[in-house]
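Structure record follows, encoded as structure tokens.
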Amino acid sequence: MSLSDRRKVLAGLGALALTGACGFRPVYGDGGAGRVLRNAVRADDPVSRRDYQFLHALEETLGRPTAPRFALAYTIAVREVGRGSVDDFGTTRVQLFGTVDFTLTDITSGTVLAQDQVLATGVYSTTGTQLATATAAEDADLRLMRMLADSLATRLYTEPGIPSA
């Protein structure tokens, strides 16, 4: 083993020791939030296209609830803002600002474990045909729902109030 390889191994071991000392806990390790939340979060029923897209993306990360232990209440809000514009054409870019206000509750005790808001942004162009613009808007909306779901999952993974397995 070369000197360079030894240094890399020692640096890795040092980093591992430091993360343990700071309270770091692997998400999918023993007692990690990833294992606790996997297939255990029952979200409110979807009522809109965005809700369906959001929940589908969230279930890709957290899994479909087979033995729900937690209830997730959420509200999605999206605001569109036209940006660039061209004379005699109008707005050429639309920016989407999405928020999800959520509350995660322990089903058994009724205790609120996490309550917050996650944010994400997306953008699409309107410089094509009407069909191209509609398709771009749908794609941007889908990407925004996926980003919001990922942000929510990450937020839940780092929530100190989530009980260990």
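Contacts of Y74 classified as ring pair (Phe, Tyr, Trp, His ring centres under 6.0 Å), with partners at least two apart in sequence or in another chain: F54. Taking E60 as the reference, nothing meets the salt bridge (charged side-chain N to carboxylate O under 4.0 Å, His left out) condition, with sequence neighbours excluded. Residues meeting the salt bridge (charged side-chain N to carboxylate O under 4.0 Å, His left out) test with R155, sequence neighbours left out: D116, E159.
How far CG of L55 is from CG of L72: 8.0 Å, rounded to the nearest 0.5 Å. Here CG of L104 is found 10.5 Å from CZ of R69. Values are rounded to the nearest 0.5 Å. Note that OG1 of T133 is 7.5 Å distant from OH of Y124, once rounded to the nearest 0.5 Å. If you take CG on L113 and OG1 on T105, they are separated by 7.0 Å, rounding to the nearest 0.5 Å. Atom CG of L152 sits about 11.0 Å away from atom CG of D101, to the nearest 0.5 Å. Interatomic distance, CG of L58 versus CG of D51, reported as 11.5 Å (0.5 Å rounding).
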### Task
May I have the step-by-step check of side-chain contact (heavy atoms from CB on, under 4.5 Å) for E138 and R49, ending in yes or no?
CA-CA 10 Å; E138 286 178 18; R49 179 184 179 112; 3.8 Å; yes

### Query
Going through the checks in order, is the side-chain contact (heavy atoms from CB on, under 4.5 Å) test met by L62 and F70?
CA-CA 12 Å; L62 298 179; F70 309 103; over 6 Å; no

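For the salt bridge (Lys or Arg N to Asp or Glu O under 4.0 Å) with E59, the lone residue among R64, R42, R38 that qualifies is R64. Checked against L96 for a side chain to side chain contact (heavy atoms under 4.5 Å, CB included), the options R143, E80, M147 give a single hit: E80.
Grouping the Ile, Leu, Val, Met, Phe, Trp and Tyr side chains by contacts below 4.5 angstrom, directly or via other members, places L142 apart from V100.
Among all heavy-atom pairs drawn from L148 and G98, the shortest one is CD2-O, 3.6 Å. Residue S125 comes nearest to A136 through the heavy atom pair O-CB, 3.8 Å, listed as atom of the first residue, atom of the second, then distance.
Using a cut-off of 4.0 Å between Lys/Arg side-chain N and Asp/Glu carboxylate O, D150 and R146 are scored as not salt-bridged.
Contact check for R50 versus L144: no side-chain heavy atoms found under the 4.5 Å cut-off.
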